[in-house]
Undergrad: 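Here's a structure for you.
Computed from heavy atoms alone, side chains included, the values below leave out hydrogens, waters and symmetry copies. In what follows, every chain begins at residue 1, and chains take the letters A, B, ... in the order their sequences are listed.
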Amino acid sequence: VSSRWEGKKIFTDVTFDIERPVKGGARSQVRLQVLGGSVSAPVPVSMQVPGSPVFRAGETDLLFLETGADGVERIVGFSQGRVPLRRKADGALSTEAGEDLEGLLQRLEAHLKASARP
Amino acid sequence: VKCSAAHKRRLVAAEVGRIALGVLICLASTLPASGGGNLEVICGSPYLTDPSCAVGQIVDRAWAPGARPVRWWLNDQGARNNTEHGGLPLTLEQVLAEVQDAHDDWESVTESGIAFRYMGTTGAASIGMDNRNLVVWSDTALGGSTLAITLVTSLGIDVLVTDSIRDLNSDGTQDLDPALYPTGTRLNAGTIVDADVVLNSGDFDWSLVPDATPDVCDVRAVALHEAGHFHGLSHSAVLNPPATMFPFFDTASASQQQGARTLEWDDVAASARAYPAAGAGPTGSISGRVIRGTSTGVVGAQVSAIERATGRTVEAVFSNSSAKVGGGGAGTFKLDRMPPGTYLIAVDFFRRAGHSPGGWRWLNSERIAYNETVNLASLDPRDLSPELLSISETSNDDLSAASQVALAAGEQRTLSNLVVNNVSPLGPAGTSQTFLVDDTIVNAIPISFPFTYFGVPYTEFALYANGYITFGAELDLVFDESGGNFFSFPRVAGLLRDLDPGADSNGNGGRDVYVRLGSGQVEVVWLAVPEKVSTFETGLASPTPSGANTFTIGFDTSGKVWIDFQRLSAPYGIAGIASGTALVGVTERFDFGRPRPGFPERPTLENATSISGMRVEFVPHALGGYTTRSTQWPAPEAAPASSTGLRAEGSEDVTYLYWPDAGTPRYHLYRGRIAALRAGAGYTTGESCFATMQQEQALDIAAPPPGEAYYYLVTAVREFGIEGSLGTSSLGAERPNAVPCRIH
């Protein structure tokens, strides 16, 4: 996770190692460019969109991505497309609401199959 | 009136429109960054020898005095492409007027000194730190569910302005305008130096008034919200009623947009905190500290002030992190800029797992980005049980009376510590613990005194895990507990809801229902009982029981029944009494809030605080039924205004009635014969209460007798059955409501 100036804007580049693709082509990594972030040089400046997700290195998330009309891949609906995951004592991943990731993915896959029907 | 083909098409369209309400769309800036307050920034390494903050400390964002009035420009394309989603073309002048009015609304807040200056239109369309604060519509910059965003740029350290530092990103242009920030000006960390607003013209059209077309949204409402961010305000969690800075609204709801057009006190207070105005009204403050145990500060708890007289949440803040500059230490809070009044103080856990305040089930913890204070908190749902500050505040005061905090004009009041409740509360004194777990029943509990319920004597009652008791009916585990079945049994429901007294999600080991069998009265207590949140409601396959609901059902020898709502976190439910005969006039029911879009039979509790701390009594009357009275809010004078605008269209076989949304959960629709009215019968007498509706429309398939006609009247009914007026007659006299509809 690193933030940088690009012209007049600060962007935060976030690189995810993909543990499990659910939909779309298989990739080992995905790199997202999120508007906003904090830079320390030349002067510490912070640029924030209230409601935009804030990422920290080492976190695990389930992400819903879309490619916008501008061709840029982004998270659906700002933070709405990001599901932070936490690792439980038994090592399994779950959402903050306590749902096992496996259960959530099964529902997602069932939904995707249903959506794919003609 | 004959039913024309066009009319039939309209009926169909109305139904489709109703269905569309189930799709919650779009939300200004999408997400709550925090629950009331100001945008924050974490300080970097200081440049100056006397910094206002150290590395890692938290400060609020705000414009410097020299930059106020804050300048802004409007992109000269205005609301472009405004006819793609059902909207009408808007001129640049029209949208400018709306955006200006939004800024003017913030300026007119006497408690806040914020001011803005419109600088004109510009062809510039790109956002970022460029010394030009822009309002622009964009077809591509935002995702499909986002109405608008505001990009706020601020300093992360203190700066002493010199010519060498004006170019903050080394791109060769000056970012700190010498006209605003002369050399030698000191700007503290958190100073906003640029802000831009982007509205979504690709996925939405825009209107000059609140519009129920799903993809058409009111410019003014959204501009008002974004102007809040523009001057440093964060999102608000206040839902009762929704603050303008609440981050979501349904674009298919004109009433929600109308509500967002008006600043609530929580909005005003946040602006006033950042820009205190000289000569503002006589507001005061309520300070305190949220602790666990004897001294550990609880950071990131949502603390709300609830107006005692109305049940409305006036202001909400978070308890501070020790890193907050000027915050007073871990767990401290300050509800400042408070108007004088009497308040209840609520503490809650904002990141509720599984569901969230107001039943916005999709607003769950995965979808919330926090402000810096809450980010540092790492609260777990088990850390905090929702409660009210009690008269004798302890860690085990779930059933204690709430403390009424009186605040005089200008008073700076400090409370005693608000102690987070123990997640394993002790059972109330003098009670017996039942063995109720999920979906279980205790049948045939004896009553030691003659108890008459709706005219029928009973000697025992049955107790159900899901928040109710019944008389004379011992039900089995396959009993249909749906709301639609509520009236089928003699029942008292404190919170008819899928509750799980056996769940250990709150750490208390379950079996949280207690019974007190007195010689003259019986009380049943649900103590911190979590919900068994359903997959249907949350969209989660295996949601964890969560929340804490504490309420008491009681009845005594006089036949009186009461329900004490000590503290609820459930997003909705049914509470009230039923005779079991389902007869209108002898059945009382009240729900917690307005119908959820798409689920009118499942009312939404808009905010747990709207009912917590209240007692409702049902007192038997001579006719065998009950009179409802509330010993707490809402105040009797809080009846809604008379509903106006009833329209009827009909054919030989149906009359279609519809009226504007009055913002209430129910309506009573009266019907009578005009001939009877002319003969001297009052309104609502004779053939009168036609229907109790949760929607702003009804169909009547009855036809008046030959040669006669019907009149219709509609009243708005707010929570707890408080009904608005029938309005005035053509002579200007108040229409008496001789036989009001009973909620059923």
Undergrad: Say you draw a straight line from CD of A:E19 to CG of A:L101; how long is it, rounded to the nearest 0.5 Å?
TA: 9.0 Å
Undergrad: When you measure from the side chain of B:D167 to the backbone N and O of B:G172, does any donor-acceptor pair fall under 3.5 Å?
TA: yes
Undergrad: With a 4.0 Å cut-off on N to O distance, would you call A:E73 and A:R27 a salt bridge?
TA: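 Salt bridge between A:E73 and A:R27, a charged N being under 4.0 Å from a carboxylate O: yes.
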Undergrad: Determine the option with the most heavy-atom pairs under 4.5 angstrom with chain B, choosing from A:V39, A:V45, A:D61.
TA: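 Among A:V39, A:V45, A:D61, the one with the most close pairs to chain B is A:V45.
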Undergrad: Sort out for me which of B:D171, B:I165, B:I127 touches chain A most, counting heavy-atom pairs under 4.5 Å.
TA: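 Max contact count across the listed options: B:I127.
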Undergrad: Can you tell me if B:D194 uses its side chain to pair, donor with acceptor, with the backbone of B:D130 under 3.5 Å?
TA: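 Side chain of B:D194 to backbone of B:D130: a pair is present.
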Undergrad: Using modelled atom types only, decide if a donor and an acceptor are shared between the side chain of B:D175 and the backbone of B:L168 within a distance under 3.5 Å.
TA: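 It does hold such a pair.
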Undergrad: Please state whether the side chain, the backbone, both or neither of A:S38 comes within less than 4.5 Å of a heavy atom of chain B.
TA: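 Answer is neither: A:S38 stays 4.5 Å or more from chain B.
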Undergrad: Just checking heavy atoms, which of residues 3-16 of chain A are less than 4.5 Å from chain B?
TA: A:W5, A:G7, A:K8, A:K9
Undergrad: Pick one of side chain, backbone, both or neither for B:N169, based on which atoms fall under 4.5 Å of a heavy atom in chain A.
TA: both
Undergrad: Under 3.5 Å, is there a donor-acceptor pair between the side chain of B:D267 and the main chain of B:A243?
TA: no
Undergrad: Assess the residue pair B:L39 and A:Q48 against the criterion (side chain to side chain contact (heavy atoms under 4.5 Å, CB included)); give the C-alpha distance rounded to whole Å, side-chain angles, the decisive distance to 0.1 Å, and a yes or no.
TA: CA-CA 9 Å; B:L39 296 175; A:Q48 181 186 15; 3.9 Å; yes
Undergrad: As an exercise, state the distance from OG of B:S154 to CZ of B:R61, rounded to the nearest 0.5 Å.
TA: 3.5 Å
